[in-house]
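Shown next, in structure tokens, is the structure this report addresses.
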12 protein chains.
Amino acid sequence: MYVVKSPLSDVNLQTVSEALQGALVDLVDLALVAKQIHWNVVGPRFRSVHLQLDEVVETARAHSDTVAERASALGVSPDGRAATVAVGSGIGVTPEGWVDDSAAVQTLVDALGAVIARMRERIAATGEPDPVSQDIFIQVTADLEKQRWMFQAANG
Amino acid sequence: MYVVKSPLSDVNLQTVSEALQGALVDLVDLALVAKQIHWNVVGPRFRSVHLQLDEVVETARAHSDTVAERASALGVSPDGRAATVAVGSGIGVTPEGWVDDSAAVQTLVDALGAVIARMRERIAATGEPDPVSQDIFIQVTADLEKQRWMFQAANG
Amino acid sequence: MYVVKSPLSDVNLQTVSEALQGALVDLVDLALVAKQIHWNVVGPRFRSVHLQLDEVVETARAHSDTVAERASALGVSPDGRAATVAVGSGIGVTPEGWVDDSAAVQTLVDALGAVIARMRERIAATGEPDPVSQDIFIQVTADLEKQRWMFQAANG
Amino acid sequence: MYVVKSPLSDVNLQTVSEALQGALVDLVDLALVAKQIHWNVVGPRFRSVHLQLDEVVETARAHSDTVAERASALGVSPDGRAATVAVGSGIGVTPEGWVDDSAAVQTLVDALGAVIARMRERIAATGEPDPVSQDIFIQVTADLEKQRWMFQAANG
Amino acid sequence: MYVVKSPLSDVNLQTVSEALQGALVDLVDLALVAKQIHWNVVGPRFRSVHLQLDEVVETARAHSDTVAERASALGVSPDGRAATVAVGSGIGVTPEGWVDDSAAVQTLVDALGAVIARMRERIAATGEPDPVSQDIFIQVTADLEKQRWMFQAANG
Amino acid sequence: MYVVKSPLSDVNLQTVSEALQGALVDLVDLALVAKQIHWNVVGPRFRSVHLQLDEVVETARAHSDTVAERASALGVSPDGRAATVAVGSGIGVTPEGWVDDSAAVQTLVDALGAVIARMRERIAATGEPDPVSQDIFIQVTADLEKQRWMFQAANG
Amino acid sequence: MYVVKSPLSDVNLQTVSEALQGALVDLVDLALVAKQIHWNVVGPRFRSVHLQLDEVVETARAHSDTVAERASALGVSPDGRAATVAVGSGIGVTPEGWVDDSAAVQTLVDALGAVIARMRERIAATGEPDPVSQDIFIQVTADLEKQRWMFQAANG
Amino acid sequence: MYVVKSPLSDVNLQTVSEALQGALVDLVDLALVAKQIHWNVVGPRFRSVHLQLDEVVETARAHSDTVAERASALGVSPDGRAATVAVGSGIGVTPEGWVDDSAAVQTLVDALGAVIARMRERIAATGEPDPVSQDIFIQVTADLEKQRWMFQAANG
Amino acid sequence: MYVVKSPLSDVNLQTVSEALQGALVDLVDLALVAKQIHWNVVGPRFRSVHLQLDEVVETARAHSDTVAERASALGVSPDGRAATVAVGSGIGVTPEGWVDDSAAVQTLVDALGAVIARMRERIAATGEPDPVSQDIFIQVTADLEKQRWMFQAANG
Amino acid sequence: MYVVKSPLSDVNLQTVSEALQGALVDLVDLALVAKQIHWNVVGPRFRSVHLQLDEVVETARAHSDTVAERASALGVSPDGRAATVAVGSGIGVTPEGWVDDSAAVQTLVDALGAVIARMRERIAATGEPDPVSQDIFIQVTADLEKQRWMFQAANG
Amino acid sequence: MYVVKSPLSDVNLQTVSEALQGALVDLVDLALVAKQIHWNVVGPRFRSVHLQLDEVVETARAHSDTVAERASALGVSPDGRAATVAVGSGIGVTPEGWVDDSAAVQTLVDALGAVIARMRERIAATGEPDPVSQDIFIQVTADLEKQRWMFQAANG
Amino acid sequence: MYVVKSPLSDVNLQTVSEALQGALVDLVDLALVAKQIHWNVVGPRFRSVHLQLDEVVETARAHSDTVAERASALGVSPDGRAATVAVGSGIGVTPEGWVDDSAAVQTLVDALGAVIARMRERIAATGEPDPVSQDIFIQVTADLEKQRWMFQAANG
């Protein structure tokens with residue numbers, strides 16, 4: 001059976017792998033939510049929101065890959081399956097159906113806010129046990145906070 | 001409220017929108033499953049399987065976008081949320097944890113087979129009511145059957 | 001004199017060539033109308049509409065070239081001259097002068113709707129006599145219905 | 001209602017906007033005529049003429065966009081609709097149907113000659129009232145005279 | 001031994017695999033014939049014919065790969081070996097040695113015509129048993145009929 | 001010490017170098033103002049204005065480089081330092097802090113208008129002494145007037 | 001009015017926003033100073049210095065955008081206007097007029113040194129309150145210290 | 001009739017043209033064989049072999065074009081028709097049907113070996129009569145021997 | 001015989017064609033001189049001068065093509081043959097052999113100065129008879145004066 | 001003589017420069033070892049290992065350049081000469097001669113493990129004295145640990 | 001004074017440098033002649049000849065640079081000045097004025113033939129004294145003979 | 001065990017493999033030396049030397065890969081490990097520490113000279129036993145002699 005000796009101690013590995021698994025679930029869900037709104041938004045700001053959301057999708061997909069492969073690199077199996085995401089995501093439920101543009105923007109502000117809050121906790125928790133993973137969370141947070149600003153400003 | 005007069009009759013629209021929604025769920029899940037194996041595969045064929053799976057991901061993501069936007073174009077709200085995917089996908093459950101390369105290849109053969117069988121039913125069902133949607137299913141099936149061949153040949 | 005023996009029977013050729021010539025006129029006019037609004041739109045959504053319209057122009061130009069060269073491939077001379085377009089287009093008259101953004105969006109919804117309706121008739125008419133031409137009309141329709149959705153959603 | 005205070009005096013604006021509107025109509029028609037011949041040319045020089053004509057189309061389309069947006073920049077609504085082009089173009093009527101390659105080349109020499117003659121009048125008329133518009137006409141003329149040379153040389 | 005359970009019934013598979021194998025042989029030979037003329041053409045239209053032929057080669061090569069991999073995807077071994085092509089192609093014998101440009105163009109008109117006639121039969125034969133393969137034949141035919149037009153027009 | 005014999009007479013050089021130095025200051029400031037609004041705009045049109053402003057920045061930076069190097073080419077030292085720009089720019093003071101999207105658009109209409117007015121004086125002043133510099137001012141003005149149109153139309 | 005709830009406490013936000021605003025002013029000025037020398041340098045090393053300076057400009061512009069948008073992401077309005085830069089920059093006054101290449105290089109060594117010293121203070125100040133902003137300052141400093149080395153080596 | 005005075009003497013031309021014609025046949029067949037295996041390979045190394053074979057195809061196609069055009073440049077008509085290849089190739093018969101990956105690799109080792117042996121004879125034969133043709137054979141051989149190494153190492 | 005009716009009167013054509021022919025000779029020679037120095041420069045500034053000279057070559061070649069084709073467009077045969085250039089160029093004789101870098105830079109300053117002086121006369125002469133040709137001379141001069149500045153600054 | 005005043009204190013500089021010099025030697029050796037195996041690997045996984053190793057080479061080369069230039073930026077001369085690498089590398093001796101694919105993969109797992117262990121010590125040592133250098137080590141470690149995972153998984 | 005110790009003996013250097021200088025003159029002239037015809041050709045094949053000639057220009061320019069820098073690499077100053085070319089070229093005098101397309105093609109056949117004959121002598125002369133220079137002549141000859149074939153075939 | 005039957009006789013293989021192994025060591029060391037100077041050069045020519053050295057690195061790396069893979073293609077294991085390079089290189093010891101630009105240039109002239117002298121011996125030795133390997137040495141030498149010229153000229 002496949003066992004990897006991690007460069008981290010067991011206790012540190014526990015902390016870091018929980019942070020990575022949590023981040024993976026959040027980021028996969030963020031990409032799914034952003035695509036859902038991308039397809040369902042209506043209203044005068046349709047095109048702006050539709051396009052902005054694909055930037056969120058691209059960012060979330062790229063970071064979810066980095067985070068999952070970071071778990072693998074530490075010898076921890078990542079789990080990004082639909083059922084795992086459906087129950088573990090930090091993002092609230094997105095209502096079904098068409099959504100007008102202001103509500104769409106607000107949905108993203110809220111979703112990004114929820115993920116950012118958890119990501120900042122991961123930055124705090126992993127700095128000591130694994131600065132390499134922490135650096136990934138810092139870069140993820142920088143991108144998410146930039147995205148949140150742009151949606152906030154659009155509803156400002 | 002946003003209502004679009006569809007170019008299809010109500011009964012045809014019902015048929016086509018069910019086919020599109022089903023295809024959307026299958027394709028979103030296919031991308032998630034392929035990524036899951038992409039991160040968890042181990043064994044001497046690691047690199048070949050790891051890279052091949054990203055081609056499946058790319059194909060599934062592109063087609064899921066086309067299918068979802070086709071639903072929107074017909075005035076039907078698409079649903080690609082994690083919970084919807086978790087319960088509605090035609091792909092069986094992917095086990096958690098590391099997976100050796102032969103099992104990984106077999107998982108894809110099975111997953112692709114399940115999606116293809118449903119997609120061929122959609123081709124049959126939509127030809128009459130909407131040849132435009134049918135043509136999309138035909139192109140999706142062509143790509144999925146090509147991917148399935150390459151995984152089958154690798155375990156042949 | 002230049003005479004090409006068509007792969008189609010005379011009666012089939014008659015049906016298909018009328019469909020192609022009609023599609024050519026519609027698509028050339030669609031490109032001209034979209035450019036006209038591209039230059040004349042005003043209002044807070046100026047940039048979104050202005051840019052979206054260039055996507056319509058690009059799509060219409062590419063498809064008009066495909067359709068015209070399909071006619072030539074069947075041995076039928078295509079006619080895309082301004083006067084032919086001015087009298088034969090299925091799109092209603094576009095008023096002169098500046099147009100506010102909501103009206104601009106509506107103009108496109110209407111223009112696309114008119115062309116789509118005729119294009120779906122062409123799909124129905126050509127499937128039997130020439131599936132190759134039918135396939136072109138199917139792809140044209142897929143693109144036009146996607147464009148119409150985006151304008152509809154923007155006025156939704 | 002949308003009114004823009006132009007940087008030009010009323011009388012100068014009148015002169016310049018007539019020149020721009022005339023140039024727009026000529027250039028849109030030039031693109032349509034070049035495409036018409038592109039599809040209908042036959043004869044041993046088919047490929048050379050067919051390809052050369054797409055360069056004319058590309059040039060005419062790019063310049064027509066520049067000219068129309070120049071009118072908008074001066075606060076004058078441009079008109080590039082099919083009916084306007086059909087009645088206002090400086091290019092003579094292009095016959096329908098297949099055209100042999102020598103006649104095709106001659107058609108372009110004549111069409112380009114007609115547009116160039118009017119464009120040179122626009123250069124003369126606009127230098128005083130608006131050197132910015134004049135500079136655009138100068139660049140358009142340079143490109144058209146280069147194209148005309150290449151067709152003349154091909155029939156020389 | 002490697003056996004793939006095809007998504008098609010045995011009788012349908014028989015029909016489709018014959019169509020695919022026949023198309024493969026025709027397309028490989030078309031590429032070889034086009035290259036042969038590409039190297040051996042002489043006359044004032046040398047450059048036009050020489051370049052046009054490389055477009056045929058590129059088209060034929062791309063489609064032959066698609067057709068062969070479609071056979072593999074259905075579980076049928078494709079055969080594109082030289083000897084198989086030499087005896088099974090639908091294209092008549094190309095004479096050895098230099099060929100003047102008019103004859104070169106006529107050779108391509110004939111070769112394309114022979115392949116198109118067989119390809120249209122394949123479209124008719126495969127629509128029922130496998131619309132996915134049929135769609136490939138439709139696209140191949142569209143490209144080949146466009147190429148034939150351009151050679152016909154050049155000798156028109 | 002570095003002295004360059006200019007191709008212009010002293011009096012002409014005086015006229016032209018003042019025009020170039022003035023244009024340099026205006027264009028550097030225009031880039032700074034556009035970036036300032038790019039960062040501070042809020043409101044439903046956030047994305048459209050935010051992106052449009054980066055096109056202004058790009059245009060202003062490219063032209064400021066051209067203008068400064070034109071001064072150097074005539075042997076006159078250009079001055080684009082912050083303090084020089086702060087006191088010499090033709091653009092009015094931009095207020096600090098967040099700015100809603102309509103006001104942002106108006107700020108650009110005004111800023112562009114101020115620079116255009118001075119640029120047109122430079123066109124008039126330099127035609128005689130140095131048509132090479134004049135041609136640069138003409139091209140700068142064409143781009144700025146196009147940008148102004150797009151902001152005007154967005155507030156129209 | 002537009003108010004953003006920052007993810008940072010008020011006191012931390014105060015520290016971080018001062019650091020960001022200071023960095024913005026320094027970086028905008030660095031780009032202006034580098035352009036000023038880019039245009040005014042003379043001497044045998046003209047080309048090397050001229051080109052190296054455009055790398056500084058590109059670096060400073062990219063980082064100033066990142067820093068300003070980071071302030072916006074934290075809910076703090078950034079200020080990069082010419083007058084603000086003129087009085088707040090950490091870079092000493094750049095003399096007007098031509099500058100020989102050795103002095104040009106020294107000017108950059110000094111300007112970069114001044115900005116680096118302040119940027120290192122920002123790294124120290126922001127690690128605790130906001131590691132995301134700190135990471136940005138670390139990357140800015142890495143680039144600036146690399147640039148300073150290359151100018152130092154050139155005068156070494 | 002088309003006769004080209006070759007830069008080579010008759011006897012040298014005879015030697016060189018035989019070498020070129022032989023190389024052409026070998027290289028066309030190598031491309032066909034590599035494609036055949038590309039479509040028919042099965043087994044755990046499927047992907048590696050499948051991709052490596054397309055590099056062989058690309059190399060063989062590029063060199064066959066160079067060799068054929070070299071013959072034309074010397075005034076000798078090249079013959080790359082299917083029947084000529086089928087009887088003249090130096091590569092042994094490739095069996096029909098699926099082939100497991102180890103056998104596929106061995107097939108390529110053998111095919112490349114056969115072509116290389118003949119190509120080295122051509123290098124020896126042409127150095128004196130035509131160093132330009134010899135240089136082409138040298139470069140072909142370098143590429144083929146590199147390809148053979150990679151297949152040998154894969155079965156080593 | 002090939003005769004083109006020029007858009008210019010005979011007397012104007014005489015003036016303009018002399019200007020174009022003179023410019024062609026100067027620009028072809030400038031490219032040859034710049035290449036000559038590119039190959040023969042030695043000294044510590046070798047790399048800077050060597051690379052800068054290829055920019056001059058590229059500029060001179062592009063402009064010579066534009067100027068020659070402008071003559072053709074006016075119906076006047078351009079002459080850019082070596083003997084014509086050798087006797088007609090406005091650039092003084094370039095000494096044979098190696099040249100140290102300061103002298104190389106000075107050679108370019110002088111060569112560019114000579115061509116610029118004549119080019120400015122052409123601007124003055126052609127504004128009236130043909131503003132299209134004049135605009136070409138203006139752009140040529142802008143580029144040459146920029147190049148001269150960079151060489152002057154390097155020897156400053 | 002060239003002396004650079006470092007931004008770090010002497011004791012901090014000592015710590016950081018030792019870390020950088022050690023990292024440089026490790027990374028240069030890693031690139032050489034990876035190339036050695038790239039050329040010498042044999043076995044069924046040849047292609048996968050051969051290609052994966054070039055990714056290691058590319059990563060190691062890019063990071064060695066960053067690390068060496070970081071030392072220069074701090075005023076410390078980097079040493080990446082062959083003899084220095086041969087005696088100072090943290091990677092054990094690589095045996096000469098062909099190496100089968102499993103052993104090749106294990107060699108990389110070991111080599112990457114040795115470099116990673118030392119790199120993590122450098123992260124710990126440099127955080128206090130120079131967070132800029134630490135950030136570089138963090139990014140190097142992230143890449144190396146990802147590479148090690150992929151080799152481990154391939155032997156898992 | 002700049003003296004380079006050549007890797008060749010004096011007598012070998014004499015042979016090789018004469019060959020390089022002769023080739024340089026021929027290739028510079030070939031580029032000038034090809035451009036001359038490029039601008040002056042008229043007739044139905046105008047476009048084919050016009051475009052083919054730019055390929056000759058590109059080839060001749062690239063090879064002339066290689067040959068001149070090869071001379072510099074051997075310590076011999078290359079001479080590519082207009083007067084040197086005018087008197088030393090192996091290409092006969094090109095008549096002034098317009099040239100019909102058949103004559104244009106023949107001019108190139110003759111010019112290429114003259115250069116090829118001299119280039120083959122250089123291959124023979126330099127193989128012993130400097131195989132590095134010989135290899136350059138071989139590659140030049142391969143390209144020129146390919147060009148000559150294409151012009152010959154066009155007049156065949 | 002892995003044994004490859006070489007296309008060369010044993011005695012020829014001995015000669016060629018020694019030449020390839022020697023060239024490999026020289027080229028790997030050349031890349032390391034060039035990078036060492038790239039990082040350590042100081043003085044007014046810093047940028048020119050720094051950039052030129054990266055071209056040497058790129059050339060040496062590309063050729064070392066070609067040479068090593070050529071050895072593998074002949075069945076001989078190449079050895080490019082640090083220790084092998086440290087003792088076997090033909091380049092003299094490079095001193096540690098900063099190096100002023102003139103000395104840096106001289107170091108490269110010497111290093112290139114040493115490698116070129118050995119490479120010319122390899123050209124002489126391998127022409128008979130293996131013209132394919134000889135051709136590689138010829139191309140390596142052409143590139144190295146061009147590089148040496150540029151450094152010589154810079155110190156000339």
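What you see is a predicted model, and the numbers here were worked out from it, not measured in a lab. Below, chain A is the first sequence line, B the second, and so on; all start at residue 1.
Counting all heavy atoms, side chain and backbone alike, A:Phe46 lies closest to C:Ala154 at CB-CA, 3.8 Å.
Residue A:Val41 touches chain C through its backbone alone, counting heavy-atom pairs closer than 4.5 Å.
The 12-atom threshold is not exceeded at CD of C:Glu128, counting heavy atoms of other residues, nucleotides or ligands nearer than 6.0 Å.
Side-chain atoms of C:Gln152 and A:Val42, non-hydrogen and from C-beta on, never get closer than 4.5 Å to each other. For the pair A:Arg45 and C:Arg45, the minimum side-chain heavy-atom distance is 4.5 Å or more.
Once rounded to the nearest 0.5 Å, the distance linking CZ of A:Arg47 with NE2 of C:His50 reads 10.5 Å. Residue A:Trp39 holds its CH2 atom at 10.0 Å from CH2 of C:Trp149, rounded to the nearest 0.5 Å.
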